[in-house]
2 protein chains.
Amino acid sequence: MSKQKELPLLEAETSAPCCEPLAEHSISTADAIALAPAFKSLGDPIRLQLLSQIASAPEGETCVCDLNVGFDVSGPTISHHLKVLREAGLIEGERRGTWVYYTAVRERMSALAGLLVTGPAAV
Amino acid sequence: MSKQKELPLLEAETSAPCCEPLAEHSISTADAIALAPAFKSLGDPIRLQLLSQIASAPEGETCVCDLNVGFDVSGPTISHHLKVLREAGLIEGERRGTWVYYTAVRERMSALAGLLVTGPAAV
DNA sequence: CCTCTAGATTGACAGATCTCGAAACAGAGG
DNA sequence: CCTCTGTTTCGAGATCTGTCAATCTAGAGG
């Protein structure tokens, strides 16, 4: 509970797992520790659906009021999952008046995808 | 209460979230339940490192005896993490004589990557 | 200023996960 | 057959996670 408050993913250029595939060469322990929380945040069905719903919104943003419908969990639980996704850097929230709107951070999603892909160059 | 006990990932190819990006359109609850365990299996630093080490092996396979070095956890723990990765369909193990060799399942890794990628057309 | 609604936070509890030591299993070799 | 080494499986304990009820905060509108 002391090392996944940080999101050094974007700033990981020090050892730089931003776009370098996992399969390129073995990643360091530090990189693994930095990256694991992001994947872990995707490891819950509700969060996966939330991210998908936010990322697939036509306007690019989704109101939390729209997210509450369609999930059979309570409001606080949705809020909790949104917080996890927020801390993983996968979404960002903005309050406009009464409602809160969330947008997906495409770069972060692509960065994670880049880690898993065997590589377009490898094909 | 409990909706994450199953791991029907291997048969998730029937409802086919194989390469369709999350951000294309909102995924179903069933697909989310099928996919989440795969991401969850990547949500541990040790498993991330194990997969990276296996996938980046020059010969395409890695002996468990080589995996034991470099990790400060016990043998059974390594074996447990390998089992999780195996059940997630990310690696496959083969016993040859005394030793067991693991290979990475590239298609599965690419499939997960395809879910996260924003898409070349969507940029 | 007061009230009302939308979200977020807190506290608590059941269930899952990580980790290890001990034991079991699989081959190789004597 | 017996033993030895490498790997997996089997409990068990400590920690983490998902969920909800209750409470709190931010802004809108009277």
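Below, read A as the first sequence line, B as the second, and so on, with proteins coming before strands; counting in each chain starts at 1.
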### Query
Do you know the tightest heavy-atom contact between B:S26 and A:S52?
CA-OG, 3.2 Å
### Query
Is B:E24 close to A:S56 at the side-chain level, that is, under 4.5 Å between some pair of heavy atoms?
no
## Note on the structure
A:E87 atom CD is separated from D:dC16 atom C1', nearest whole Å, by 15 Å
## Note on the structure
A:E94 CD to D:dG27 P, in whole Å, measures 12 Å
Would you mind telling me which of [options] lies closest to the side-chain atoms of [X]?
X: A:H81; options: C:dC18, D:dG18, D:dT7; answer: D:dG18
X: B:S79; options: D:dT8, C:dA8, D:dC20; answer: D:dT8
X: A:K83; options: C:dT9, C:dG7, C:dC20; answer: C:dT9
X: A:W99; options: C:dA8, C:dG7, D:dT8; answer: C:dG7
X: B:D44; options: C:dC18, D:dA21, D:dG18; answer: C:dC18
X: A:P76; options: D:dT19, C:dC20, D:dA21; answer: D:dA21
X: B:I46; options: C:dT19, D:dG18, D:dT19; answer: C:dT19

### Query
Looking at B:T77, does any N or O in its side chain come under 4.0 Å of the phosphate oxygens OP1/OP2 on C:dC18?
no
### Message
Looking at B:K40, I'd like to know whether one of its side-chain N or O atoms comes within less than 4.0 Å of OP1 or OP2 on C:dT17.
### Response
yes
### Query
Which is true for B:Y102 with a 4.0 Å heavy-atom rule: it touches a base, it touches only sugar-phosphate, or it touches nothing?
sugar-phosphate
### Task
Quick one: label A:H80 by what it contacts on the DNA or RNA (base, sugar-phosphate, nothing), any heavy atom closer than 4.0 Å.
base
### Summary
Closest to the 5' end of DNA chain D, once A:S74 and B:C63 are matched to their nearest nucleotides, is B:C63
#### Entry: Helix axis bend for the helix from C:dC1-D:dG30 to C:dG30-D:dC1 - C1'-based end axes, five pairs, 10° rounding
20°
### Query
Among A:E94, A:E92, A:R86, which residue meets the side-chain hydrogen bond (donor to acceptor under 3.5 Å, both in side chains) test with A:Y102?
A:R86
### Task
Would you give a per-nucleotide map of nucleotides 24-30 of chain C, 5' to 3', where B means the base has a protein non-hydrogen atom under 4.0 Å away, S means only the sugar-phosphate does, and - means neither?
---SS--
